[in-house]
Enquirer: 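Below you will find the structure I want to go over with you.
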2 protein chains.
Amino acid sequence: MTKDIEQRLKSKNIKPTAMRLLVLDFLMQQNTAISLNDLEKGMGPSDRITLYRTLKTFEEKGLVHHIEDGTGTTKYALCMEECDDHHHHDLHVHFYCNNCKETFCLPNTKIPQISLPEKFRSEEMNLVIKGVCDRCNPG
Amino acid sequence: MTKDIEQRLKSKNIKPTAMRLLVLDFLMQQNTAISLNDLEKGMGPSDRITLYRTLKTFEEKGLVHHIEDGTGTTKYALCMEECDDHHHHDLHVHFYCNNCKETFCLPNTKIPQISLPEKFRSEEMNLVIKGVCDRCNPG
DNA sequence: CTAACTTTGCAATAGCATTGCATCACAATT
DNA sequence: AATTGTGATGCAATGCTATTGCAAAGTTAG
Ligand SMILES: [Mn+2]
Ligand SMILES: [Mn+2]
Ligand SMILES: [Zn+2]
Ligand SMILES: [Zn+2]
């Protein structure tokens, strides 16, 4: 149902254009975080910059979040929490597989509370764990 | 004492060239992590690429570690733990100040143990906290 | 001194992120 | 229905950082 997708955009105050419907549809099919390149290759022929700005818009509106996994290439994934245009609260851990080079959201693995030194105030946290993912692990 | 610095290089199996002595000296004067640009500006006139490779060498030998703080620019800082050419164990937290834009090592703030989902195996961890640093915090 | 190896400097390239601007699509207004 | 304003899109250009190739200079061992 494209209605679903359209509704999801509207609920985040994003105008549901054709391009945006396609991008969101594509994002919903992923089970790993993807790069702008991945998006470009995965979609039909479309302008890279428009895709870039679509992702930016989605992020601003709290529909996707970006992940800096240490590869130098920003990855994007749908938000699972109730993010909005004012706050992202992605306190889940991200995982980068050294073997298959995929980046995962681990929505059920939360970043624990950290007690910082005196007078440091935390506003955001980003924890990336690198290793071998479930699919690449034998056994 | 330049002898000190020289010894520190030798103990990590790094040949103490003039350039490397200067770079290490500079690094030891910092109390935040610095970028290649910072290094270039902070040093006398010197070749950017040589500085880049010097940092790479230092990192390979376990003298410095790099930090991806999410700004897109890699930062470097001296290792405090007993890293060697085979293993970095920087399980401390890094902090990026949204106000002064500096990146800090918090050597006394360790990354807690995280229990990952079934079959995910951890090899490295990187936790960056963003917020306001002690120097930028009133009170 | 010579030969082998390492470090340095300069030039070039590769990648990704980001911006400017003109055009297009759409929806509200008259 | 024509007008007009706003946002979305497409294309070109740029900026910035990381990275590599190669030749010159420096260092060390025999
Ligand atoms: Mn995520
Ligand atoms: Mn550190
Ligand atoms: Zn994997
Ligand atoms: Zn600060």
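Numbered from 1 within each chain, the chains take letters A, B, ... in sequence-line order.
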Enquirer: Using only side-chain N and O atoms of B:Ser46, determine if any of them is under 4.0 Å from OP1 or OP2 of C:dG9.
Expert: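 B:Ser46 to C:dG9 OP1/OP2: no side-chain N or O under 4.0 Å.
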Enquirer: Side chain of B:Lys15 only, please: which of C:dG9, C:dA17, C:dT6 is the nearest?
Expert: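 For B:Lys15, the side-chain atoms sit closest to C:dT6.
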Enquirer: Measuring to OP1 and OP2 of D:dT19, would you say a side-chain N or O of B:Lys56 lies under 4.0 angstrom away?
Expert: yes
Enquirer: In whole Å, what is the span from the CG atom of B:Leu22 to the P atom of C:dG9?
Expert: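 Distance check: B:Leu22 CG to C:dG9 P gives 11 Å.
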Enquirer: Looking at D:dT20, D:dT9, C:dA17, which one has an atom nearest to any side-chain atom of A:Arg20?
Expert: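 Taking heavy atoms from C-beta onward, the closest nucleotide is D:dT9.
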Enquirer: According to a strict under-4.0 Å criterion, is A:Thr17 in side-chain N/O contact with OP1 or OP2 of D:dT9?
Expert: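 A:Thr17 to D:dT9 OP1/OP2: side-chain N or O found under 4.0 Å.
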Enquirer: Under 4.0 Å from OP1 or OP2 of D:dC16: is there any side-chain N or O of B:Asn37 that close?
Expert: no
Enquirer: Under 3.5 Å, is there an N or O donor on one side and an acceptor on the other linking the side chain of A:Arg53 and the base of D:dG10?
Expert: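 Yes.
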Enquirer: Between C:dT18 and A:Tyr52, is there an OP1 or OP2 to side-chain N/O distance shorter than 4.0 Å?
Expert: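 Affirmative; the distance criterion is met.
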Enquirer: Can you confirm if the aromatic rings of B:His65 and B:His92 lie within a centre distance of less than 6.0 Å?
Expert: yes
Enquirer: Give B:Thr74 one of three labels, base, sugar-phosphate or nothing, depending on what nucleic acid heavy atoms sit under 4.0 Å from its own.
Expert: sugar-phosphate
Enquirer: Calculate, to the nearest 0.5 Å, the distance between atoms CZ and CG belonging to A:Arg48 and A:Leu39 respectively.
Expert: 9.5 Å
